[in-house]
Every structure is written in structure tokens, then in C-alpha cells.
Number of protein chains: 2
Amino acid sequence: MVFADLLRNRRRDRLTADDLDALEMTVSDIRSLPARRTMIARNDPVRMSTYLIEGFMCRYMDDRQGARQLVAVHVAGDFVDLHGFPLGHLDHDLATLTPCKVALVPHSALDNLMVTRPHLAKLLWFSTLLDAAMHREWIFRLGRLDAIARVSHFFCEIEAKLRAVGQSDGAHFQLPMTQADLGEACGITPVHMNRMLRELKDRGLMEISRNHIYIKDPIGLAQLGEFDPSYLFLDARN
Amino acid sequence: MVFADLLRNRRRDRLTADDLDALEMTVSDIRSLPARRTMIARNDPVRMSTYLIEGFMCRYMDDRQGARQLVAVHVAGDFVDLHGFPLGHLDHDLATLTPCKVALVPHSALDNLMVTRPHLAKLLWFSTLLDAAMHREWIFRLGRLDAIARVSHFFCEIEAKLRAVGQSDGAHFQLPMTQADLGEACGITPVHMNRMLRELKDRGLMEISRNHIYIKDPIGLAQLGEFDPSYLFLDARN
DNA sequence: CGCTGTCTTGAGGACGGTCAATGTTCGTGG
DNA sequence: CCACGAACATTGACCGTCCTCAAGACAGCG
């Protein structure tokens, strides 16, 4: 089942078995990608979209000196560049963080779905708008929070996303990002990211060791990061 | 013609006359809104979407102390909260900046369009993803640029958007935002915004007086703000 | 004509950046 | 099994950008 994690704990219930079957039929290829590789570059025309079955990917933009700004981090269950379907090309780069397993869906097949399955199309639209909601939260984070709060907020978001697909138990999960990567997501330097991680540890909120994240005090962390998960549109039970 | 500015100079050419007629039929009401009023609050369930015919609106989120972070500024031709259609509610507040004229489109009518006009639906999807592309650029701006560059970038974006709908000639346009508003868009304090505006004037790049913006050196301004309009998906001729 | 919101300017301080050195971990190959 | 190198993490000293606080000027509107 390729799309087992699609919208899992979001609006999964609205995806009928028929919808899912139709979606599975659109997959033209399943591919394994190496870690740390840019898969799609800004402005490349795209004819298929990438659904992430397994692994971590990210989207980023470069400034003039080549410094990166991450604009999204993707986990299993994310339709990573579905927005390339209506847009026609991407305005940013798309890269793997870890080795990944992805399903490729030709846009021609999605055009068919638009006609034959408007209800499914609306759910796919919804999933691209979830990303937009996260973008807005990132804007808020960068515009209004200081470094320690940004980092807290970031980890809260990732934890919530991973929990929705069963990869976090709320206290521990794996995240294959270096401190430099984390800095690129939060708009701070690697050096300062290091200091903030230490402070979070000193405050008893969370710890990080290699790629393992241990949330010691989820409530305190969310409070510090002004994190409210409602923008993730998670199911109530979650 | 309500939707005269919809996707104008974007992919207007792909909107057939039939599509436009069908879209006009969905309008249930045309309303005039006062300036500086929050129209939709975060988490309000929404049953209609707002198309902006005339005026300026913005979307924003508040931090715990009540300080605002703008996440979007909207001009005529923007389908301001179309994302509320697939999402069901908004994760932010929506407010007018000036008195506005808007068209209201019930979501039930949009559901019909999804079925009867998949091609039009895809263009509406596209328009929500334009907003997402702008969100990403805002993330980049806040994460990677310093204050003077953020301000430059912001004005370049607004100018490009207004030019697309015929409200800027490239050298002058009107923008009804106070320096505090501008600060809330760029993640800086009003005081520092004031200093940055002065520096832009001193450098001969642009001037602002009341609500009038005069771009003296568009190329220099774009360079300083690392602005590349490709994310706006404007037609080549524009 | 005075009130209110907006703009302007200055002084001082804090947060986060920069630069640089050192420590740690891990994969690779001898 | 050890030696080496590369990537990543850690720490310190210094500094600049931007924030805070505060006062005053200006403009529009009743």
C-alpha cells in the first residue's frame, strides 16, 4: 500500500477505498533515492509529482552567497511536490536528507483524477494547502520568535508530524538533520543553534544526541515555542 | 465583470470565457467592507470564500503578547481565502487594510465547479499555490535577509503584484500601510522600519510619503532585496 | 484648535553573528 | 586493530544589527 500514510490522522477518513485504489493506479514508478541529493532544481519543469513513502526530504532556497533557507521538511506520507502539478515548475529546490523511497505520479494521471474524482482532487488540494499552512507558521516563527523559541517551535512541529505517521511516541523520535540543517530551518547560524540546543537541555526541555531527539517536557517546549498544533489540521483524537 | 483581475497577467489566458461565466455565477454577494476590520478570525469555520475586487487586505497571526506577524498582503484580483474551501477553516486572521469591495463565493458552488469544471478548478488550485509560493519567499526573506534587504524585497514584491493588475507603473504606486504595518510584514520593529526607509531614501533607491511609494532605482532595489520575481509566475510579457 | 495616530530621532543594551580554535565521532584504508 | 581524514559539534571572545525605551515632531480630523 503505497499511500498508507497519506493524510494519516488528518482527513484520512474522507479518503474512500475507491479513491485510494484510483490513486494507487496513478503511480508510474517507485524509486529509491540516495541521501543528501538535490532531486529537483528550481525552475525545472516537472511532469510528475513525488510522494514520500519512507525517509526525510526538504525543500530549500539559496540566497546570493549560497546560504540555504529551508522552507519545508518532509516525512513519510507527504506528497512532497504535488504543488508542481498546478504550478508546472518549482520555485525552490527539493532534496533528500536520508535515503528515501518515493512513488512517482505523472501529472497526466492527476489530470484524469481531476475529471473522474473531484472529491479526491479536493483532498489532494487540501494536502498542498496543509503545506501552505505550515509555511505560514514558519513565517510566524521567523518573524516573531527569538532563537530559543524558534528551535522549540520547530521541534514541536516535527514531533507532531512524525507522531501522526507513527514515528514518534511523544518522547522520542529520530531526525536526520545536522545542527547546520536545523539552523537553516530556523534562520540562525550553526554556532547559535548549538548554544540553543544546549540551553534547551539545560532547561530540561529536550535533548538531542546524534539524530535522536528526546522530548523531556513537551508542554514546556510547546509553551516556549508558542506552539499550537491546530494549523496541522490533525484529527481530534491525535 | 467581477473577476476581471483574477490571475491577470498570470495564467489568465487559460481561463476560457465559459470558465469565467461559470465563476461569475457562483458569486452570492458583493459587499463593501470598512477599513481596518478583522473579517475572519482564526478557527472560524468558513462556508464562503472572499474574492478581493478592490482595496487591500492582509492576513496575520498574533504571538502570545499580541504582536502581529503578517503572512500575506492582498491586492485586487486575489482570491483571498480560497484556501478556506479545501481546509474548512482558517489558521490565521483576515483583515482589511482599506475599505474593500469583495465578492463572496459559497463553497457549495465551488464544490459544483470541482465536478463540472475540473480545468477551472485546477486554475483555482493554482491560485492558492501562488500564495504558497509567496509564503516561501517570505520565509526566505525573514530567514536569510537583514532588515534593509527585507524591506527592499517586500516593496519589490508588492510593486510586481500591483503592476500585474495595473496599479503600478513601475515607478509609483499607492500602498495603504503604516510603518508599523510594514514592520509587521518584515519582522522588524516600527522604529527600525523607519530607519530602513530613510536609508533606502538616502541610497536613492525609493521614497515613501504617506501612502505613496516612489521607486527610484528598481534594479538597485531588487538587487539589494535579492528579489527575483519568478516565484510570482507572471506572464513573460509582464 | 486640540486630540490622536503616525513618524522621527537618540541613547543604551541585548541577542545573535562572526571568526577561530579545539574536540568528537565515524568511516575508510593500511 | 589502529591511523587518518572528513564532517560535525562545541566553546570562547568580540562585535554589529536591531530592539527597547523615551521624548518630541508632525499631520489629519473632529
Side-chain angles (χ1 to χ4, degrees), chain A residues 34-37 63-69 95 97-99 141-154 174-203 206-214 224-225, chain B residues 34-37 63-69 95 97-99 141-154 174-203 206-214 224-225:
Chain A
R36 301 251 157 211
R37 170 91 55 97
D63 72 5
R64 195 176 292 136
Q65 293 85 8
R68 282 186 185 194
Q69 174 63 47
L97 287 167
T98 58
R141 192 161 74 207
L142 293 169
R144 277 288 161 265
L145 302 184
D146 63 8
I148 190 81
R150 286 184 202 179
V151 177
S152 306
H153 187 286
F154 177 79
Q174 266 191 280
L175 183 69
M177 293 175 73
T178 65
Q179 293 185 8
D181 294 334
L182 295 170
E184 288 168 356
C186 296
I188 61 180
T189 59
V191 172
H192 203 57
M193 177 55 73
N194 184 276
R195 294 191 237 265
M196 294 302 100
L197 291 173
R198 176 132 76 98
E199 183 167 345
L200 288 172
K201 180 180 174 180
D202 289 347
R203 290 206 205 176
M206 58 165 285
E207 287 180 35
I208 177 170
S209 145
R210 289 299 292 159
N211 293 335
H212 291 266
I213 313 288
Y214 303 90
L224 179 56
Chain B
R36 301 252 157 210
R37 168 92 54 97
D63 72 7
R64 195 174 295 134
Q65 292 85 8
R68 283 187 182 192
Q69 174 63 47
L97 287 168
T98 57
R141 192 162 72 207
L142 293 170
R144 278 288 162 267
L145 301 184
D146 62 9
I148 189 81
R150 285 185 204 179
V151 178
S152 305
H153 187 287
F154 177 80
Q174 265 191 279
L175 184 69
M177 295 174 73
T178 66
Q179 294 184 9
D181 294 333
L182 295 169
E184 288 167 357
C186 296
I188 61 180
T189 58
V191 172
H192 203 57
M193 177 55 74
N194 184 275
R195 294 192 235 266
M196 295 301 101
L197 291 173
R198 177 131 75 98
E199 182 167 345
L200 288 172
K201 180 179 174 181
D202 289 347
R203 290 205 204 177
M206 59 164 284
E207 285 179 36
I208 178 171
S209 145
R210 288 299 292 160
N211 293 335
H212 291 266
I213 314 288
Y214 302 90
L224 179 56

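Chain naming here is simple, since letters A, B, ... match the order of the sequence lines and numbering starts at 1 in each.
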Ignoring hydrogens and angles, write down the donor-acceptor pairs under 3.5 Å from the side chains of residues 144-153 of chain B, residues two or more places apart or on other chains.
from    : atom 1 : to      : atom 2 : distance (Å)
R144(B) : NE     : R68(A)  : O      : 2.6
R144(B) : NH2    : R68(A)  : O      : 2.5
D146(B) : OD1    : A149(B) : N      : 3.3
R150(B) : NE     : L145(B) : O      : 3.0
R150(B) : NH1    : C186(B) : O      : 2.9
R150(B) : NH1    : G187(B) : O      : 3.3
R150(B) : NH2    : L142(B) : O      : 3.2
S152(B) : OG     : I148(B) : O      : 2.9
H153(B) : ND1    : R141(B) : NH1    : 3.2
H153(B) : NE2    : E137(B) : OE2    : 3.1

Checklist outcome for this item: Nt span of DNA chain D in reach of chain B heavy atoms at under 4.0 Å, 5' end first, is dC18(D) to dC21(D)
Checklist outcome for this item: Rounded to the nearest 0.5 angstrom, the CG-CG distance for L175(A) and L97(A) is 8.0 Å
Next on the checklist: Strictly distance-based, threshold 3.5 Å: is any side-chain N or O of T189(A) a donor or acceptor partner for the main-chain N or O of H192(A)?
Outcome noted: yes
Donor-acceptor contacts, no H, no angles, side chain residues 193-200 of chain B, under 3.5 Å, sequence neighbours left out:
from    : atom 1 : to      : atom 2 : distance (Å)
N194(B) : ND2    : Q179(B) : OE1    : 2.8
E199(B) : OE2    : R203(B) : NE     : 3.1
E199(B) : OE2    : R203(B) : NH2    : 2.7

Next on the checklist: Using a 3.5 Å distance criterion without hydrogens, assess whether the side chain of Q69(A) forms a donor-acceptor pair with backbone atoms of E184(A).
Outcome noted: yes
Item to check | Within-4.5 Å side-chain heavy-atom neighbours: L182(B) and F154(B) | outcome: yes
Checklist outcome for this item: Sorted by chain and number, sequence neighbours left out, side chain to side chain donor-acceptor pair (under 3.5 Å) with R36(A) holds for D181(A)
Checklist entry - Excluding sequence neighbours, so at least two apart, what forms side-chain contact (heavy atoms from CB on, under 4.5 Å) with R64(B)? => result Q223(A), E226(A)
Item to check | I148(A) or R210(A), whichever maps to the more 5' nucleotide of DNA chain C | outcome: I148(A)
Item to check | Nucleic acid contacts of residues 190-198 of chain A, taken as heavy-atom distances under 4.0 Å to DNA chain D | outcome: V191(A), N194(A), R195(A), R198(A)
Next on the checklist: What range of DNA chain C does chain B touch, first nucleotide to last, counting atoms under 4.0 Å from its heavy atoms?
Outcome noted: dT6(C) to dA11(C)
Item to check | Global bending angle along the helix from dC1(C)-dG30(D) to dG30(C)-dC1(D), which compares the axes of five pairs at either end, to 10 degrees | outcome: 40°
Item to check | Any residue meeting side-chain contact (heavy atoms from CB on, under 4.5 Å) with A180(A), in chain and number order, not counting sequence neighbours | outcome: T178(A), P190(A)
Item to check | Which residues share a side-chain contact (heavy atoms from CB on, under 4.5 Å) with P176(B), sequence neighbours left out | outcome: F56(B), T98(B), N211(B)
Item to check | Along DNA chain D (nearest heavy atom to each residue), the more 5'-positioned of A180(A) and I188(B) | outcome: A180(A)
Item to check | Sugar-phosphate, base or nothing in reach of G183(B), heavy atoms under 4.0 Å | outcome: nothing
